[in-house]
Amino acid sequence: MAGLVGEPTLGLYNASKWALEGMMDALSREVAHLGIKVTIIEPGPYATEFASAASVKASPEIPAYDEARRALLAGFDPADVADPAATAPAVFSAIDATEPPLRLALGKAVLPRVRSQYTARLSLWDEWADVSARAHGNL
């Protein structure tokens, strides 16, 4: 999900995932004529050691970011954390598909979150469509 929705205090992590999204999107178009299909796995939160004390070395907190940290934690729902063991069967479903999806959202939290983000993004682009069109100019 980090490649689809930006989260406060996770900018560098999000940037790395967004870069992979773009690279894999391009790769899928580059290799399609060879019969190669690409699927980008877009998981939500899983019960792993990802954010445990053992895997994260915390730097001193900067008070100016307290609100951003609160916003990140406010969006976290423990009920959204998925079981990693459930991933393999879902991924194999995509692998075994005649026409696998380019993007496969995994976990119940991803699709509603992404849908909300993209709906807001499309709405904003529509709201500013006249400004966008004016930026084309008349060559």
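- Both L34 and V38 are part of a single hydrophobic cluster, where members link through side-chain heavy atoms under 4.5 Å apart.
- Under the rule for a side-chain hydrogen bond (donor to acceptor under 3.5 Å, both in side chains), S116 has no partner lying at least two apart in sequence or in another chain.
- One hydrophobic cluster, built from ILVMFWY side chains closer than 4.5 Å, cannot hold both Y65 and Y13; they sit in different ones.
- Taking the side-chain contact (heavy atoms from CB on, under 4.5 Å) definition, one finds that M23 meets it with L20, sequence neighbours left out.
- Closest approach of V110 to P43, counting heavy atoms only: CG2-C, 3.8 Å.
- Hydrophobic clustering, with ILVMFWY side chains joined whenever heavy atoms are under 4.5 angstrom apart, groups L27 together with L102.
- Residues passing the side-chain contact (heavy atoms from CB on, under 4.5 Å) test with A94 are P101, L104, sequence neighbours excluded.
- Annotation for L122: hydrophobic cluster partners, listed by chain and number, are W125 (ILVMFWY side-chain heavy atoms under 4.5 Å, direct or chained).
- Every residue was checked against the side-chain hydrogen bond (donor to acceptor under 3.5 Å, both in side chains) condition with E30, not counting sequence neighbours, and none meets it.
- Sorted by first and then second residue, the salt bridge (Lys or Arg N to Asp or Glu O under 4.0 Å) pairs with a member in residues 122-132 read D130-R134; sequence neighbours excluded.
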Can you check side chain to side chain contact (heavy atoms under 4.5 Å, CB included) on R103 and T39, steps first, answer last? CA-CA 5 Å; R103 290 177 168 82; T39 296; over 6 Å; no
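- L12 and L4 sit in two unconnected hydrophobic clusters of ILVMFWY residues. Membership requires side-chain heavy atoms under 4.5 Å apart, directly or through other members.
- Residues passing the side-chain contact (heavy atoms from CB on, under 4.5 Å) test with P112: none are found, sequence neighbours excluded.
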Side chain to side chain contact (heavy atoms under 4.5 Å, CB included) between L106 and V91: does it pass, once the steps are laid out? CA-CA 9 Å; L106 296 179; V91 171; 4.0 Å; yes
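- Of the possible donor and acceptor atoms, one in the side chain of N14 sits under 3.5 Å from a partner among the backbone N and O of A2.
- Annotation for L111: hydrophobic cluster partners, listed by chain and number, are none (ILVMFWY side-chain heavy atoms under 4.5 Å, direct or chained).
- Annotation: salt bridge (charged side-chain N to carboxylate O under 4.0 Å, His left out) contacts of K37 (sequence neighbours excluded): E99.
- Smallest separation of non-hydrogen atoms from A85 and P89: O-CD, 3.6 Å.
- For R121, the side-chain hydrogen bond (donor to acceptor under 3.5 Å, both in side chains) test picks out no residue, with sequence neighbours left out.
- Between the side chain of S123 and the backbone N or O of T119 there is no donor-acceptor pair closer than 3.5 Å.
- Here D66 pairs with R69 under the side-chain hydrogen bond (donor to acceptor under 3.5 Å, both in side chains) rule; sequence neighbours left out.
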Residue pair E42, E21: steps toward the side chain to side chain contact (heavy atoms under 4.5 Å, CB included) verdict: CA-CA 9 Å; E42 299 168 323; E21 287 276 336; 2.6 Å; yes
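- Residues passing the side-chain contact (heavy atoms from CB on, under 4.5 Å) test with V5, sequence neighbours excluded: M1, E7, R113, V114, Q117.
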